Amino acid sequence: MGDFAIKLNSNPDTEAKQVWRNCLSVIKNNISPLSYNTWFLPIKPVELVGNELNVEVPNEYFVEWIEEHYGDLVNEVLNSVLGKEIKLNYIIMENATEADAEENLSFEKKQTQAQPQKINFIDEKQEDFISYLNPKYTFETFVKGENNQLARAAGLAITENPGHTSFNPLFIYGDVGLGKTHLIQAIGNKILENFPDKKVIYLSADTFTSEFIDAIRNDAGNEFANRYKNVDALIIDDIQSLIGKEKTQDLFFQIFNVLHQSGKQIVLSSDKPPKELKGLNERLISRFQWGLTADIQPPDLETRIAILKSKAASYGMNLPEEILEYIAFSITKNIRELEGCLIKLLANASLNGKEITFELVKKTVKEIATNRPNKISIEQITDIVCDYFEVPKNKVREKNRKKEVVQARQIAMYLSKKLTNSSLKTIGLHFGGRDHTTVIHACNTVEETIKSDEKFKEIVTTLKNRIEFSA
């Protein structure tokens, strides 16, 4: 693989496309066609800023797989193409379709996706307003079923007359992975389709809190509040994340009142109904119940099959009916697990160069459906590991390089990956906000040490048994 550097244009968007196009031409010659089509064509270049290249990927699983299996190759190619060290930043944009892969072949289509970025606390012209909605989350791509009928119908109703129905606020709740984020963003996109001049903004409660803290730090609290008080529709995901954040709750209470009194639409999602959000201010809970509270239940068999067909088509997979039914029978409660099963099938076939057979499907479903014990948490693993090594829990979250602390941290990360459903990003956040690449490094280090050090292997096995026994 020869080294070469390219001359860049001045436009960050064009630069990113140019860089990524050159990277793909090298990567394509170093991996199999199936792996290339599966893992690299869906990636979309967004922006090149300084020594950082931002790219969009369909979901978090892509990030983990690419980092774990092609991380060194990608870094080498990037550095070779630009002639300097480059950091690659992944932006998760779920529900990517084949159209995204086709765009990488031409690099000529104009990007239409909203690009996540920090909110600028200044007065903005209407045309500069950013909604942060993912345009791929629509009612057309949201699979309708009995499990989501009320929530979907209410969502459609308010898009015809936002802020002026009895469904204000619309509070949608349900377990993780049932499509809440898809539905509330579909509502926002439909409002913009029906009323292009309206200001609609979507964000998670965590992002709202983070932006609020930044605003206070920058002495821009009033500008921050006014931004949200002047929207036509405010959509907040995972509102339960405001629990325990008193000042943020106070500000959101003020914004809620202004919007509601002004006839503006409010849409909220949560993992629980309002009355079960212990630790949230009672006056907020009361207001959340002013409109309609609608739940999303786990999908029934027919809906699960329909979801699988839709997802399979978006990944370019043509699977027989009996395979789809087998997956749907086996994975019953979580839409993300259904999608995860399809992605893992694609990954296994790509890595091994094999066709997707029924035996491969059964193996993959077994790994996903039975998966890891749900009762085991990262916190529990950290407690047991730190107790074994006599290391205070706070030490593994700090930047502490003492040998015993590093060992405890790496083993805890390794066991968290093995024994929980948590993503690498979630594990890293738990251990002091570390990057997912740190988690990968920790897991690789532990696995290599297990192979060469029998005593170390015995320690890890003992800890694993203790954790599983305590679950």
Side-chain angles (χ1 to χ4, degrees), residues 60-61 63-72 175-177 330-331 333-334 336-337 340-341 343-344 347-348 351-352 360 362-471:
E60 198 166 287
Y61 191 87
V63 179
E64 296 185 6
W65 187 269
I66 291 170
E67 286 287 345
E68 196 164 351
H69 295 88
Y70 305 110
D72 291 341
D175 286 337
V176 173
S330 304
I331 300 175
K333 296 184 180 296
N334 193 308
R336 287 183 193 167
E337 286 186 358
C341 186
I343 294 173
K344 196 157 189 175
N348 285 331
L351 189 65
N352 300 320
L360 179 60
K362 287 197 289 186
K363 179 178 180 294
T364 305
V365 165
K366 184 178 179 182
E367 291 171 355
I368 294 285
T370 59
N371 222 336
R372 300 153 183 165
N374 291 327
K375 293 181 180 179
I376 296 176
S377 67
I378 299 176
E379 191 70 28
Q380 180 185 3
I381 291 170
T382 307
D383 285 340
I384 292 174
V385 173
C386 287
D387 182 63
Y388 180 88
F389 286 105
E390 298 182 350
V391 171
K393 269 179 31 175
N394 63 301
K395 294 297 182 184
V396 299
R397 297 189 177 101
E398 297 172 356
K399 292 183 178 179
N400 191 312
R401 300 302 302 170
K402 288 186 178 180
K403 183 178 179 181
E404 64 272 18
V405 175
V406 172
Q407 187 176 56
R409 183 191 301 126
Q410 289 184 336
I411 291 176
M413 285 181 172
Y414 171 79
L415 291 173
S416 294
K417 183 173 183 290
K418 290 290 182 184
L419 301 177
T420 77
N421 290 314
S422 301
S423 67
L424 296 177
K425 181 179 179 182
T426 299
I427 295 170
L429 289 172
H430 184 90
F431 290 94
R434 286 172 165 79
D435 190 78
H436 66 276
T437 56
T438 304
V439 182
I440 292 173
H441 173 72
C443 293
N444 290 340
T445 300
V446 172
E447 286 177 351
E448 289 301 315
T449 310
I450 286 174
K451 294 175 184 176
S452 60
D453 189 332
E454 197 63 36
K455 185 177 179 181
F456 182 84
K457 178 181 179 181
E458 187 178 323
I459 291 171
V460 175
T461 302
T462 299
L463 287 169
K464 182 174 178 289
N465 291 339
R466 286 187 185 183
I467 292 163
E468 291 178 333
F469 182 76
S470 67

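Along the sequence shown, residues are numbered consecutively beginning with 1. In this text the structure is predicted, and so the values were computed from the model without any measurement.
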Chemist: Do Y414 and V385 come within less than 4.5 Å of each other through their side chains, counting heavy atoms only?
Modeler: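 The answer is no; the side chains never approach within 4.5 Å.
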Chemist: Measure the shortest side-chain to side-chain distance between V460 and L415 over non-hydrogen atoms and say whether it is less than 4.5 angstrom.
Modeler: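 Yes, their side chains come closer than 4.5 Å.
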Chemist: Check whether any side-chain heavy atom of D453 lies under 4.5 Å from a side-chain heavy atom of K457, and answer yes or no.
Modeler: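 Side-chain contact under 4.5 Å: no.
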Chemist: Below 4.0 angstrom, N of the basic side chain to O of the carboxylate: do E379 and K393 qualify?
Modeler: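 Result for this pair is yes, salt bridge flagged.
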Chemist: R434 versus V439: any side-chain heavy-atom pair under 4.5 Å?
Modeler: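 A side-chain contact is absent here, since even the closest heavy-atom pair is not under 4.5 Å.
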Chemist: With a 4.5 Å cut-off on side-chain heavy atoms, are H436 and E67 touching?
Modeler: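 Side-chain contact under 4.5 Å: yes.
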Chemist: Which pair of non-hydrogen atoms, one from A442 and one from M413, has the smallest distance, and what is that distance?
Modeler: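 What the structure gives for the nearest pair is CB-SD, 3.6 Å.
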Chemist: For the residue pair F456 and V446, establish whether any side-chain heavy-atom pair is separated by less than 4.5 Å.
Modeler: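 Contact flag for F456/V446 side chains = yes.
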Chemist: Which pair of non-hydrogen atoms, one from T445 and one from T449, has the smallest distance, and what is that distance?
Modeler: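 In terms of heavy atoms, the two residues are closest at O-OG1, 2.7 Å.
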Chemist: Can you give me the closest heavy-atom contact between P392 and C386, atom names plus distance?
Modeler: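 Heavy atoms only, the tightest pair is O-SG, 4.4 Å.
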Chemist: Is the number of heavy atoms from other residues, nucleotides or ligands within 6.0 Å of CG (N394) greater than 12?
Modeler: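 Yes.
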Chemist: Is any side-chain heavy atom of T438 closer than 4.5 Å to a side-chain heavy atom of F431?
Modeler: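 T438 does not reach F431 side chain to side chain.
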Chemist: Do you know the tightest heavy-atom contact between I381 and S416?
Modeler: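 What the structure gives for the nearest pair is CD1-CA, 3.6 Å.
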Chemist: Does D387 use its side chain to pair, donor to acceptor, with the backbone of D383 at less than 3.5 Å?
Modeler: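 Checking the backbone N and O of D383 against the side chain of D387, no donor-acceptor pair under 3.5 Å is found.
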Chemist: Which is it for Y388 and I411 under the side chain to side chain contact (heavy atoms under 4.5 Å, CB included) test, yes or no, and what are the steps along the way?
Modeler: CA-CA 11 Å; Y388 180 88; I411 291 176; over 6 Å; no
Chemist: Quick one: does any side-chain atom of R409 pair with a main-chain N or O of N400 as donor and acceptor, under 3.5 Å?
Modeler: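 Yes.
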Chemist: Taking all heavy atoms of V391 and all of V405, pick out the closest pair and write down the distance.
Modeler: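 The pair with the smallest heavy-atom distance is CG1-CG2, 4.0 Å.
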Chemist: Any salt bridge linking K455 with E458? Criterion: basic side-chain nitrogen under 4.0 Å from a carboxylate oxygen.
Modeler: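 The answer is no: the pair does not qualify as a salt bridge.
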Chemist: Surrounding CD of E404 (heavy atoms of other residues, nucleotides or ligands, distance under 6.0 Å), is the total greater than 12?
Modeler: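 Enclosed: over 12 neighbouring heavy atoms sit under 6.0 Å from CD of E404.
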Chemist: Mind listing the closest non-hydrogen atom pair of V396 and A408 along with its distance?
Modeler: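 That closest heavy-atom pairing would be CG1-CB, 4.2 Å.
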